[in-house]
Amino acid sequence: MNAWIRRSHRWFAVAFTVTVLVTVVALAQEDPVVWISYLPLLPLALLFFSGLYLFALPYRARRRAAR
Ligand code: HEM
C-alpha cells in the first residue's frame with residue numbers, strides 16, 4: 001500500500017508537470033485558451049492527498065513502534 005501510494009505520487013508529479021507545460025503553451029497563444037489552465041488542479045489535488053499520506057507515514061510508524 002505505501003509503495004503503491006509513493007509510486008502514484010511520483011506519476012501524479014509527472015502528470016502535474018505535463019499539465020503545467022501545456023498550460024504555459026496554451027496561455028502563450030495570441031488567443032489564450034484559459035480553461036486549460038485549470039487542468040493542473042486535478043493532479044495537484046492528487047499530489048496533495050498522496051503527499052499528506054507520505055508525510056504522515058514516518059510519524060505513524062514511530063507511534064506504532066512506541067506501543
Ligand atoms: C501538493 C502538496 C505535496 C505534498 C504534501 C507532498 C509531499 C511529499 C512527501 C511527504 C514525500 C515523501 C518524502 C519522503 O521520502 O519522505 C514526497 C515525495 C515526492 N514528491 Fe511530493 N508533495 C507534494 C507535491 C509535489 C509536487 C507538486 C511534486 C512535483 C511536481 C512532487 C514530487 C514528488 C516526488 C518526485 C517525490 C519522490 C517520490 C519517490 O520517488 O519516492 N510532490 N512528496
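Residue numbers count from 1 along this sequence. Each ligand, and each atom within it, is numbered from 1 in the order the structure gives.
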Does the side chain of Arg60 reach to within under 4.5 Å of the side chain of Tyr53, using non-hydrogen atoms? yes

Taking all non-hydrogen atoms of both residues, which atom of Thr23 and which atom of Ile36 are closest, and how far apart? OG1-O, 3.5 Å

Nearest protein heavy atom under 4.0 Å from atom 30 (C) of ligand 1, yes or no: yes

Starting from atom 27 (C) of ligand 1, locate the nearest protein heavy atom and write down its residue, its atom name and how far away it is, to 0.1 Å. Leu47 CD1, 3.5 Å

I'd like to check Val34 versus Ser37 (side-chain heavy atoms, cut-off strictly below 4.5 Å). Are they in contact? yes

Looking at every non-hydrogen atom in both residues, tell me the closest pair between Thr19 and Pro40 and how far apart they are. OG1-CA, 3.3 Å

Considering only protein heavy atoms, which is closest to atom 32 (C) of ligand 1, and at what distance to one decimal place? Ala13 CB, 3.7 Å

Which pair of heavy atoms, one from Ala26 and one from Gln29, lies closest together, and at what distance? O-CG, 3.3 Å

So which heavy atom in the protein is nearest atom 2 (C) of ligand 1, and how far is it from that ligand atom? Phe48 CA, 3.8 Å

What residue and heavy atom of the protein are closest to atom 6 (C) of ligand 1, and at what distance? Gly51 CA, 3.6 Å

Phe55 neighbourhood, listing ligand 1 atoms whose heavy-atom distance to it stays under 4.0 Å: 10 (C)

Correct closest heavy-atom pair for Asn2 and Leu54 would be O-CD2, 4.5 Å

So between Arg6, His9, Arg7, Arg10, whose heavy atom ends up nearest atom 22 (N) of ligand 1? His9

